Amino acid sequence: MHNAPEPLLLPHRIGNALRAERKRLGLTQADVARRARLRRQKIIQIEQGAPGVAIAAYAAAMQALGLEPELRPARVDPADYPQLKRLLWNQPGIETLDERDALALYERHWDMVDADRMPPHERALLDRLVRIHGHGILHV
């Protein structure tokens, strides 16, 4: 699985996390709806990651489950990207990298990257990292 976050995946990831926490707590959707002062149908939509659900509804469901959001930089699993994994040959045990650190690693060690052998999904990752974190410039 490739961990390239896309905007439409975020509601599904949050919904799955909320469903898992609800089940962990032994609550029904109706229980969460009551606590959040939402309709049960809204909890169903939240858990499904339905488009168009207001962020306030997600916040209410999170609060009802005793959760707080944590914003952190997106992470990359080097195991999914052969060229990036190669760059970590001397740093065993790194399971994920902050996206900014991944871009910095590509840039710092570009001479070790075999761009011709980079698979399409890794090229897409690199392009996205350059666009978002490099402001459109790969510094090599």
Side-chain angles (χ1 to χ4, degrees):
M1 178 177 187
H2 307 297
N3 298 331
E6 297 176 16
L8 296 179
L9 293 179
L10 185 58
H12 290 284
R13 289 175 48 199
I14 295 171
N16 288 338
L18 293 178
R19 179 184 307 108
E21 182 64 9
R22 173 181 62 77
K23 288 181 176 185
R24 189 187 74 74
L25 293 172
L27 299 173
T28 66
Q29 291 172 331
D31 295 332
V32 176
R34 226 178 351 273
R35 290 179 177 193
R37 297 186 177 147
L38 297 171
R39 293 186 356 248
R40 181 174 169 267
Q41 184 59 35
K42 187 59 71 178
I43 299 301
I44 291 169
Q45 290 173 338
I46 288 169
E47 288 186 357
Q48 291 174 345
V53 175
I55 194 165
Y58 281 95
M62 289 176 70
Q63 187 173 10
L65 293 167
L67 300 173
E68 290 198 15
E70 178 182 337
L71 300 178
R72 59 180 171 78
R75 308 287 293 174
V76 175
D77 182 349
D80 292 338
Y81 305 100
Q83 295 298 313
L84 182 60
K85 183 179 177 182
R86 239 175 111 211
L87 301 178
L88 290 167
W89 68 271
N90 64 345
Q91 298 177 49
I94 293 181
E95 293 182 18
T96 63
L97 290 170
D98 176 309
E99 283 189 349
R100 293 175 194 110
D101 293 337
L103 177 59
L105 198 60
Y106 279 119
E107 291 178 334
R108 206 171 32 252
H109 301 291
W110 188 253
D111 58 328
M112 294 177 57
V113 173
D114 187 347
D116 294 333
R117 296 190 65 194
M118 187 177 283
H121 73 278
E122 186 167 9
R123 172 55 65 187
L125 169 71
L126 181 58
D127 291 345
R128 190 171 57 72
L129 296 177
V130 169
R131 187 178 67 255
I132 295 171
H133 302 292
H135 307 288
I137 301 169
L138 179 63
H139 298 279
V140 292

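Worth saying up front: this structure is predicted, and the values here are computed from it rather than measured.
Once rounded to the nearest 0.5 Å, the distance linking CD1 of Ile46 with CG of Asn16 reads 13.0 Å. Rounded to the nearest 0.5 angstrom, Asp101 CG and Leu84 CG are separated by 10.5 Å.
Note on Ile132 and Val140: separate hydrophobic clusters, where clusters join Ile, Leu, Val, Met, Phe, Trp and Tyr whose side-chain heavy atoms are under 4.5 Å apart, directly or indirectly. In the hydrophobic clustering of this structure, Leu138 groups with Tyr81; members are Ile, Leu, Val, Met, Phe, Trp, Tyr whose side-chain heavy atoms approach within less than 4.5 Å, directly or through other members. In terms of hydrophobic clustering, with Ile, Leu, Val, Met, Phe, Trp and Tyr side chains grouped at heavy-atom distances under 4.5 Å, Trp89 and Met118 are assigned to a common cluster.
Judged as a side-chain hydrogen bond (donor to acceptor under 3.5 Å, both in side chains), and not counting sequence neighbours, the contacts of Arg86 are Gln83. Taking Asp98 as the reference, Arg100 meet the salt bridge (charged side-chain N to carboxylate O under 4.0 Å, His left out) condition, with sequence neighbours excluded. For Arg117, the side-chain hydrogen bond (donor to acceptor under 3.5 Å, both in side chains) criterion is met by no residue, not counting sequence neighbours. Partners of Arg131 according to the side-chain hydrogen bond (donor to acceptor under 3.5 Å, both in side chains) rule, which considers only residues two or more places apart in sequence or in another chain, do not exist here. Qualifying side-chain hydrogen bond (donor to acceptor under 3.5 Å, both in side chains) partners for His133, counting only residues two or more places apart in sequence or in other chains: Glu99. By the side-chain contact (heavy atoms from CB on, under 4.5 Å) test, Gln91 pairs with Leu88, Ile94, sequence neighbours left out.
A salt bridge (charged side-chain N to carboxylate O under 4.0 Å, His left out) check over residues 44-65, counting only residues at least two apart or in different chains, returns the pairs Arg19-Glu47, Arg22-Glu47. For the side chain to side chain donor-acceptor pair (under 3.5 Å) condition, the pairs that include at least one residue of residues 102-112, sequence neighbours left out, are Tyr106-Glu122.
Heavy atoms only, all atoms of each residue included: Ala50 and Val53 are closest at O-CG2, 3.5 Å. When every heavy atom of Ala79 is checked against every heavy atom of Lys85, the shortest pair comes out as CA-CD, 4.3 Å. The minimum heavy-atom distance linking Val76 with Ala102 is given by the pair CG2-CB, 4.4 Å. Contact record, Ala115 with Arg123: CB-NH2, 3.8 Å, taken as the closest heavy-atom pair.
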Which pairs would a plain distance check flag for residues 62-70, meaning a side-chain donor or acceptor within less than 3.5 Å of a matching protein atom at least two apart in sequence or in another chain?
none

Could you pull out every donor-acceptor pair under 3.5 Å between side chains of residues 37-44 and any protein atom, sequence neighbours left out?
unit_1, atom_1, unit_2, atom_2, d
Arg40, NH2, Gln29, OE1, 3.1
Lys42, NZ, Gln45, OE1, 3.2

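In this structure, Leu103 and Leu126 have side chains that are in contact, with non-hydrogen atoms separated by less than 4.5 Å. In this structure, Asp31 and Leu25 have side chains that are not in contact, with every pair of non-hydrogen atoms separated by 4.5 Å or more. The shortest side-chain heavy-atom distance between Leu18 and Glu21 does not fall under the 4.5 Å cut-off.
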